[in-house]
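Here's the structure we're looking at; comments come further down.
Since we're looking at a predicted model, the values are computed, not measured.
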Amino acid sequence: MTPETLVATVAVAAPLPQPLSYLLPEELQTQAQIGMRVEVPLGPRRVVGYLLAIAPGEAEKLKPISRLLDSEPLFAPELVPFFRQVAHYYRHPPGEVIRCALPAGLGEKKGGVKILREKVYNASPGEEAPRGERQRDILTYLRQHGPCRASDLRAHFPHPQTVLKRLEELGLIRVHEEERERDPFRDLAIPADHPVTPSDEQEQALSAITAALETGGFSPFLLHGVTGSGKTEVYLRSIACALAAGKQALVLVPEIALTPQLVGRFRARFSDSAIRIAVLHSGLSDGERYDAWRRIARGEAEIVIGARSAVFAPLTQPGIIVVDEEHEASYKQGEGFRYHARDLALWRGQLQKATVLLGSATPALTTYQRAQSGQTGYLPLHGRVAGRPLPSVEILDLRGHANALLAAPLQEALTATLERGEQALLLLNRRGYAPYLLCSDCGTTCHCPNCEITLTYHLKSRRLRCHYCDYDQRPPDPCPGCGGSQLMPYGAGTERVEEELARLYPEARLMRMDRDTTAGRGRHQQMLDAILAGEVDILIGTQMIAKGHDFPGVTLVGVVQADTTLNFPDFRSSERTFSLLTQVAGRAGRGERPGTVMIQTYHPEHEAILCAAAHDYPRFAEQELAARQVLGYPPFGFLVNLILAGNDPRRVEEGATRLATVLMERSRDAVEILGPAPCPFARLRGKSRMQILLKASQRSVLQRLLDHLPELRRGLPAGVALAIDVDPLDML
Ligand code: ADP
Ligand code: ZN
């Protein structure tokens, strides 16, 4: 029998809109599998590609695959339709979609991946007596604790190497090497599991979810639980149920470094079973990430926890996909391949017949609307656990107050909280000392030369910094406008609040948590630990402190300026403000003692602020949805943002105008075309930027118009790049 001619479909890691066909040479046929990387010729180059299909066919004009780059597949064939669908929907090259999905560093690396190893020590059986105190101590420790890594031993016994070597020579211990996972969570003690009796509402949610898991098939749910209502307990029990049925679980969290508590609770719940948890987080090196990926692909993890890109984790049989804090903007990738991980979780659930559980205290309005219309099951948790009340909220109108940084009532509340020995948390969603310097004589401000954005003044480093491109410079002196000396910081960031707190409460232990103070490895975790240990009296920070944390000691939450997110030129600014305020308010009174929240604002009548203060999500949603319906904004319409960028502003404008005209002709009124207009940030990182916003009442109409884009892209002036943002979240 002559061997068949086999044709391979390969998604090439290059900006090509479609996969390509190659001949699969005879000598590779036995090893080649879908999901492996291959090397293929592309024009004069050789590039990496991903094997999507292998089938008999006509191969006469096809070039052969040069070689296989993997000995095992990186993803199962089940994921191929998922990748294809995603690539088509977001109009992103399929090869680049898969490259983004796979662990970093794969495509580029030649040769093997470096694996870190560490010695592990174990006491040998037998009763031989050790000699000397140090030997005895270490041996006793090993006998009690079982196998220990060198790094753990070092934590208890300084410089143990020589003693360990002697013990090994005496045959009292055995040593082997293990792959070392540089896992920032590994060194954390696994917290004790606190099994609780589910509340009635938790019970109802669980019975709906377990019924869906038993039936099998795709079923999406929104778990809409107020802050502190015990959503995590519902995740844990639902997952246990999926695992009991022999399936796997995928858990997405907004930013894993910010959620060590959640990871800890998963470890606690499943630590004494044979369940293996893989945590994909940004602290992993490329090699470790690759390793974790391989383990998952081989079926060696039952639970995978990770941020946005973990939605692509190569689980073969996810029975349940949890998206925690599903409203979080970090699920949307803002650059390059601009996908939304929550939306992909739903698609993946559809393709792999899984239950998808979206959890939030402040669901995205699009998600809420789907639940209201019955497309998604609705599981509400109205109350906090153990009958704890939601905190009382007071709105402070800043317009009448002399000290606009911390108004008198907030100062009094802080004093009272400190006197009671309780903790306070202050939110200001702006880092640095002041958002700009302003000359009070001539009005000069300092802008980033690349971005046309004011430079933020940072006090500690005494630098002006651009928060978009990281440009930084010394504050000019004298004022470049008038040569005077009146260039002063205006407005406030977290650094300034910290300074003010230190002045007002010299005795209080302060901590500032924002991107500037959490940069170092493990810093964030140390800070969380200090707060939980009661070593901090007042925590000041950006939205980082509003997320998911469970700080039982916090009884006062202050919002320094609720308006920072309200004035953005974006139809979602209300939703964002409501969500941030509700989330940060939810940090108060989670323990035994009730909480108070104070919101300082210049817009005390704004619906987003009033509804957040009243803990009234339904009222906010109703009003906001009504307004969106009138304007045809999501969820009642669909958007695609086309962003044109280039060095030469004239060419960008010329390209944008031409593109908009052609789109107008092609769409024949089915799609509303808004613009072209300069982006709200018209210059960013040295590029001029314009946008065209496409709006339609149906996705399919928009998608049909997007079919013209490859051809239209070719007609753009040289030096003008087009980015396509389907379902944009952020239109700056
Ligand atoms: P959420 O994520 O909804 O804000 P969590 O899941 O963090 O809330 O739960 C808040 C706290 O309440 C946790 O410490 C959790 O262990 C506890 N908890 C959850 N469910 C119950 C319950 N049924 N009874 C008592 N305590 C509970
Ligand atoms: Zn800049």
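To the nearest 0.5 Å, atoms CZ (Arg713) and CG (Leu642) are separated by 9.5 Å. Rounding to the nearest 0.5 angstrom, the gap separating the CG atom in Leu365 from the CD atom in Glu624 is 6.0 Å. To the nearest 0.5 Å, atom CE of residue Met664 and atom CG of residue Leu659 are 10.5 Å apart.
Within the 3.5 Å criterion, the main-chain N or O of Leu74 finds a donor-acceptor partner in the side chain of Trp293. Listed for the Lys695 side chain is no donor-acceptor partner under 3.5 Å among the backbone atoms of Gly632. With hydrogens and angles ignored, the 3.5 Å screen pairs no side-chain donor or acceptor of Arg683 with any backbone N or O of Cys451. Looking only at distances, a side-chain donor or acceptor of Tyr90 sits under 3.5 Å from a matching main-chain atom of His340. A distance-only check finds a donor-acceptor pair linking the side chain of Thr517 to the backbone of Arg512 [under 3.5 Å]. Under the 3.5 Å distance criterion, the side-chain polar atoms of Thr454 are matched with a main-chain donor or acceptor of Pro435. Side-chain atoms of Gln600 come within 3.5 Å of backbone N or O of Leu405 as a donor-acceptor pair. Side chain of Arg342 to backbone of Leu358: no donor-acceptor contact under 3.5 angstrom is found. With Asp563 contributing its side chain and Leu566 its backbone, the two residues share no donor-acceptor pair below 3.5 Å. Checking side-chain atoms of Arg348 against main-chain N and O of Val311 turns up a donor-acceptor pair under 3.5 Å.
At least one side-chain heavy atom of Ser574 sits less than 4.5 Å from a side-chain heavy atom of Phe620. Counting heavy atoms from C-beta outward, Arg462 and Arg474 have side chains that stay 4.5 Å or more apart. The shortest distance between side-chain heavy atoms of Val560 and Thr494 does not fall below 4.5 Å.
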*Determine, stepwise, if the pair Thr582 / Thr362 fulfils side chain to side chain donor-acceptor pair (under 3.5 Å).*
CA-CA 7 Å; Thr582 306; Thr362 53; over 6 Å; no
*For Gln473 and Arg463, run side chain to side chain donor-acceptor pair (under 3.5 Å): C-alpha distance rounded to whole Å, both residues' side-chain angles, the deciding distance at 0.1 Å, then the answer.*
CA-CA 6 Å; Gln473 67 168 59; Arg463 304 287 288 182; over 6 Å; no
*Apply side chain to side chain donor-acceptor pair (under 3.5 Å) to the pair Gln486 and Asp441, showing each step before the final yes or no.*
CA-CA 6 Å; Gln486 294 304 312; Asp441 284 343; 4.9 Å; no
*Please lay out, stage by stage, how Phe312 and Phe75 fare under the test ring pair (Phe, Tyr, Trp, His ring centres under 6.0 Å).*
CA-CA 9 Å; Phe312 298 108; Phe75 53 86; over 10 Å; no
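Side chain to side chain, His458 and Thr456 fail the donor-acceptor criterion of an N or O pair below 3.5 Å. If you check the side chains of Arg699 and Tyr89, you find a donor sitting under 3.5 Å from an acceptor. No donor-acceptor contact under 3.5 angstrom links the side chains of Thr564 and Asn429, judged on distance only. No hydrogens or angles considered: nothing links the side chains of Thr601 and Gln561 as a donor-acceptor pair under 3.5 Å. One side chain, His327 or Ser360, offers a donor N or O that lies under 3.5 Å from an acceptor on the other.
With respect to the salt-bridge test (charged N to carboxylate O, under 4.0 angstrom), the residues Arg651 and Glu654 do not qualify. With respect to the salt-bridge test (charged N to carboxylate O, under 4.0 angstrom), the residues Arg666 and Glu711 qualify. Ion pairing between Asp707 and Arg91 holds under the 4.0 Å rule for side-chain N and carboxylate O. A salt bridge links Arg465 to Asp516: at least one charged side-chain nitrogen sits closer than 4.0 Å to a carboxylate oxygen. For Arg430 and Glu495, the salt-bridge test fails: no basic side-chain N is under 4.0 Å from an acidic carboxylate O. Asp570 and Arg572 are not joined by a salt bridge, as no carboxylate oxygen comes within less than 4.0 angstrom of a charged side-chain nitrogen.
Close placement of the Phe681 and Tyr468 rings is indicated, their centers lying within 6.0 Å of each other.
Between Leu487 and Pro480 the shortest heavy-atom distance is CD2-CD, 4.1 Å.
Applying the salt bridge (charged side-chain N to carboxylate O under 4.0 Å, His left out) test between Lys332 and each of Asp725, Asp727, Asp343 identifies Asp725 as the sole match.
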